[in-house]
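Order of the sequence lines sets the chain letters (A, B, ...), proteins ahead of strands, with each chain counted from 1. All heavy atoms count here, side chains included; hydrogens, waters and symmetry mates do not.
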There are 2 protein chains.
Amino acid sequence: MRRRRAMAPPCWWRSRLREGGFRLTGPREAILQILSKVPAHPSAEEIFFLVKQLYPQVGLATVYRTLALLVNMGLIHKLDFGEGKARYELVQGPAAKEHHHHLLCIRCGKVIDCGEFGEKEREFLNKVEAPLSEKYNFQITNHSIQFYGICKECREKEG
Amino acid sequence: MRRRRAMAPPCWWRSRLREGGFRLTGPREAILQILSKVPAHPSAEEIFFLVKQLYPQVGLATVYRTLALLVNMGLIHKLDFGEGKARYELVQGPAAKEHHHHLLCIRCGKVIDCGEFGEKEREFLNKVEAPLSEKYNFQITNHSIQFYGICKECREKEG
DNA sequence: CTGCGTGCAAACATTTTGCACGATG
DNA sequence: CATCGTGCAAAATGTTTGCACGCAG
């Protein structure tokens, strides 16, 4: 077990793109590069600005098109916290390890990350995913759990 | 058990509005009326058209403003399945009884309702909600669980 | 060389906001 | 009768699409 050298599968996604019959282009590489580095769940616009630093001539439409492609290929997850915009995360990326969910305040819209319930969550999912998958003939690739409510600050303000 | 007369709690929400210091207006009544009758999770636009049948002069902006008000008051839940628009449901309404979650296809966007895991879900939530609520000082009023993946039809189409 | 993928700009869809009028309490 | 709430229209925001050009294979 002595592989110490940063794991670095330099571009594990290239083969995936080829397999799918898609071309390997600058924008796509840049976007995947960014996604594999960014820790949190960036929105399309955030990704756009990050990619621009790496590949300045990129257009926002390309970011959207590439993200849609990657979602369909199953390389990234599209998340929606009800903010009016989507967020994205690499399936096998930094965020995948720190898999977490969210508390969403219905007053101020604040999003609190919470990653504490790993064990209980897995237990629950193990019980639930297989039957669902079978019953609906649906191949589950990801899940997302949100709790809605009122945050500390909003409760203090308005009672 | 012979109450046959439609249950009709004529307007349980009026007091709630008053308590909050809000006026009791036509549009608000109409919107709550609709929400308490509709079974599924209507979008703002769907609500708008339904309310129009009951209160024709209503404007779409009022629907949005009222929905935001009701969310803040905790009378309705705002849901987002990543379709680019929000959906709403009454907290204590028909949908509340048939509490369910969703399978979302990342290929075609299909939304499949699934309501089968009541017991396991409650078990999980019981374990998880209290600690979360305490740790983040967050009053949980609702939750939402989604599974993302690829539906039967899309798998058949594209392998 | 043949398209697929791209950048740009315009189109779209949903939601929010500004304003003057009207209704509620 | 003082505001709060409303309808309308315009603006803002996020995402998609049409088109001609250029690069990957």
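In this structure, B/Phe147 and A/His143 have tilted ring planes: the angle between them lies in the 30° to 60° band.
In this structure, B/Phe81 atom CZ and C/dT14 atom P are separated by 15 Å, rounded to whole Å. Atoms CZ (B/Arg87) and C1' (C/dT15) sit 15 Å apart, rounded to a whole Å. Regarding A/Glu83, its CD atom lies at a distance of 15 Å from the P atom of D/dT13, rounded to whole Å. Between B/Glu29 atom CD and D/dT6 atom C1' the separation is 15 Å, expressed in whole Å. If you take CZ of B/Arg14 and C1' of C/dG25, they are 15 Å apart, rounded to a whole angstrom. The CD-P distance, from B/Glu45 to C/dT16, rounds to 14 Å in whole Å. Distance, B/Leu17 CG to D/dC4 P: 15 Å, rounded to whole Å. Atoms CZ (B/Arg28) and C1' (C/dA23) sit 12 Å apart, rounded to a whole Å.
The residue from A/Glu89, A/Glu46, A/Lys78, A/Arg87 that alone fulfils the side-chain hydrogen bond (donor to acceptor under 3.5 Å, both in side chains) condition with A/His41 is A/Glu89. None of B/Glu156, B/Lys152, B/Arg155 except one satisfies the side-chain hydrogen bond (donor to acceptor under 3.5 Å, both in side chains) rule with A/Asn137; the exception is B/Arg155.
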All N/O contacts under 3.5 Å from nucleotides 21-25 of chain D to the protein, with atom names and distances to one decimal?
{"from": "D/dA24", "atom 1": "N3", "to": "A/Arg23", "atom 2": "NH1", "distance (Å)": "3.4"}
{"from": "D/dG25", "atom 1": "OP1", "to": "A/Leu24", "atom 2": "N", "distance (Å)": "3.3"}

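Considering every non-hydrogen atom in both B/Asn72 and A/Ile106, the closest pair reads OD1-O, 2.7 Å.
The distance between the ring centers of B/Phe81 and B/His102 falls below 6.0 angstrom.
Nucleotides of DNA chain D nearest to B/Lys52 and B/Gly21 differ in position, and the one nearer the 5' end is that of B/Gly21.
For the pair A/Asp113 and A/His101, the minimum side-chain heavy-atom distance is 4.5 Å or more. Side-chain contact between B/Gln57 and B/Lys52: absent, with no pair of heavy atoms (C-beta onward) separated by less than 4.5 Å.
By the side-chain contact (heavy atoms from CB on, under 4.5 Å) test, B/Glu123 is found to be paired with A/Glu123, A/Lys127, B/Lys127, residues two or more places apart in sequence or in another chain being considered.
For B/Thr141 and B/Gln139, the side-chain atoms include no donor-acceptor pair closer than 3.5 Å.
Contacts between residues 59-77 of chain B and DNA chain D, defined by a heavy-atom separation below 4.0 Å, involve B/Gly59, B/Ala61, B/Thr62, B/Arg65, listed by number.
Using a 4.0 Å heavy-atom cutoff across all strands shown, A/Phe48 reaches no nucleic acid atom at all.
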